[in-house]
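Have a look at the structure below, then the notes.
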Number of protein chains: 2
Amino acid sequence: MVDGLDRIRCDCSVIHGDTVNQVKAMMPEEEKLYDLAELFKVFGDSTRIKILWALSESEMCVCDLAFLLNMTQSAISHQLRLLKQSRLVKNRKEGKVVFYALDDIHVKQIFGQGMIHVQEK
Amino acid sequence: MVDGLDRIRCDCSVIHGDTVNQVKAMMPEEEKLYDLAELFKVFGDSTRIKILWALSESEMCVCDLAFLLNMTQSAISHQLRLLKQSRLVKNRKEGKVVFYALDDIHVKQIFGQGMIHVQEK
DNA sequence: ATAACACATGAATATTTATTCAACTGTTCA
DNA sequence: TGAACAGTTGAATAAATATTCATGTGTTAT
């Protein structure tokens, strides 16, 4: 039931024990919360935020993004790979050019909620 | 107008130039996007996600959180400082004990949008 | 006063990660 | 065929950061 790695409960914790145990019982799976953190981590970089913002306005190729953000194609490409792995962007190839676009309707909504928080002072 | 650090536009970019320039003109301030990334960065750690989730269920003291997440009080305290700086949690002191609670109605909404994305396979 | 407790904090360590650089793939065009 | 271009990728470097450890602050109770 209790393995050796668990923390000893402090006196304070014992006092509020019932509430804490109820919350513990309701806690989502470890993995689900981990995945959620991983998702937000992808949003937590200004380069990727700029890319996502740009793609929320228009589909774009890699060199367009590089020009827009004033960064190297390589740097942009690395970040696009991450964004694609997270299923936040998709791409289509047209000759030499690869166009990227948002791959999720939720992106704009997550974005929007964040903006509201940031804009409140 | 163009400083020496700007990227040279590739041929591709010149071709789609109008669209890209329009998007560039609409781009939010550098600082605003940076702040947005900083906000998401706070969500982008599984320890902080767990703390935020727990506090979305109930107000809690530091040692409750330490017990719940099976981590040291110190580690929790460090993360709570970050969360407070981002105005995502607030605290009130009652004797020796410091109770933390969510400080923003948007937290749950940002959380929810993220969950929806994660749960779609 | 002093001991115990809840929490905060600074420095150190270890890990993660963003960007750069160089090399490589695949496509177009002359 | 080969040169130019768009993009990708792996390794290296530099910077950011999560946790630990030791110590410090403020409160309560004896």
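Just so we're on the same page: letters track the sequence lines, and every chain starts at 1.
Here Ser74(A) pairs with Thr72(A), His78(A) under the side chain to side chain contact (heavy atoms under 4.5 Å, CB included) rule; sequence neighbours left out. By the side-chain hydrogen bond (donor to acceptor under 3.5 Å, both in side chains) test, Gln113(A) is found to be paired with no residue, residues two or more places apart in sequence or in another chain being considered. Among residues two or more places apart in sequence or in another chain, the side chain to side chain contact (heavy atoms under 4.5 Å, CB included) test is passed with Gln85(B) by Arg81(B), Leu82(B). Asp103(A) meets the side-chain hydrogen bond (donor to acceptor under 3.5 Å, both in side chains) test with no other residue; sequence neighbours excluded. Evaluation of the side-chain hydrogen bond (donor to acceptor under 3.5 Å, both in side chains) rule for Lys84(A) yields Asn91(A) as partners, not counting sequence neighbours. Applying the side chain to side chain contact (heavy atoms under 4.5 Å, CB included) test to Glu57(B) and every residue at least two apart in sequence or in another chain returns Val23(A), Met26(A), Trp53(B). Annotation: side-chain hydrogen bond (donor to acceptor under 3.5 Å, both in side chains) contacts of Lys90(B) (sequence neighbours excluded): none. Residues passing the salt bridge (Lys or Arg N to Asp or Glu O under 4.0 Å) test with Glu94(A), sequence neighbours excluded: Arg92(A).
Contact check, Tyr100(A) against dT8(D): a side-chain N or O comes under 4.0 Å of OP1 or OP2.
At a threshold of 4.5 Å between non-hydrogen side-chain atoms, the residues Phe111(B) and Ile110(A) do not count as touching. Annotation: side chain of Val97(A) is not in contact with side chain of Val62(A) (no heavy-atom distance under 4.5 Å).
Look at CG on Leu83(B): it is 15 Å from P on dC7(C), rounded to the nearest Å. Atom CZ of Phe67(B) is separated from atom C1' of dC7(C) by 19 Å (rounded to the nearest Å). The CD-P distance, from Gln79(B) to dC7(C), rounds to 16 Å in whole Å. Atom-to-atom, CE of Met71(A) to C1' of dA18(C) comes out at 8 Å; the value is rounded to the nearest Å. Going from atom CE of Met60(B) over to atom C1' of dA6(C) covers 17 Å, rounded to whole Å. We find that CZ of Phe99(A) is positioned 8 Å from P of dG7(D), with the value rounded to whole Å. Remark: P of dT19(D) and CD1 of Ile76(B) are 8 Å apart, rounded to the nearest angstrom. Straight-line distance from the CG atom of Leu65(B) to the C1' atom of dA8(C): 15 Å, rounded to whole Å.
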When the side chains of residues 30-40 of chain A are checked against the rest of the protein, which donor-acceptor pairs come out under 3.5 Å, sequence neighbours left out?
residue, atom, partner, partner atom, Å
Glu30(A), OE1, Lys50(B), NZ, 3.4
Glu30(A), OE2, Lys50(B), NZ, 2.7
Glu38(A), OE2, Lys41(A), NZ, 3.2

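Contacts of Leu82(A) with the nucleic acid, taken as non-hydrogen atoms under 4.0 Å apart, involve only primed sugar atoms and P, OP1 or OP2.
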Where do N or O atoms of nucleotides 25-30 of chain C meet protein N or O atoms at under 3.5 Å, pair by pair?
none

Output a table of nitrogen or oxygen pairs between the protein and nucleotides 9-12 of chain C separated by less than 3.5 Å.
residue, atom, partner, partner atom, Å
dT9(C), O4, Ser74(B), OG, 2.7
dG10(C), O6, His78(B), NE2, 2.8

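Residues from residues 33-50 of chain A placing a heavy atom under 4.0 Å of any atom in DNA chain C, listed by number, are Lys41(A), Asp45(A), Thr47(A), Arg48(A).
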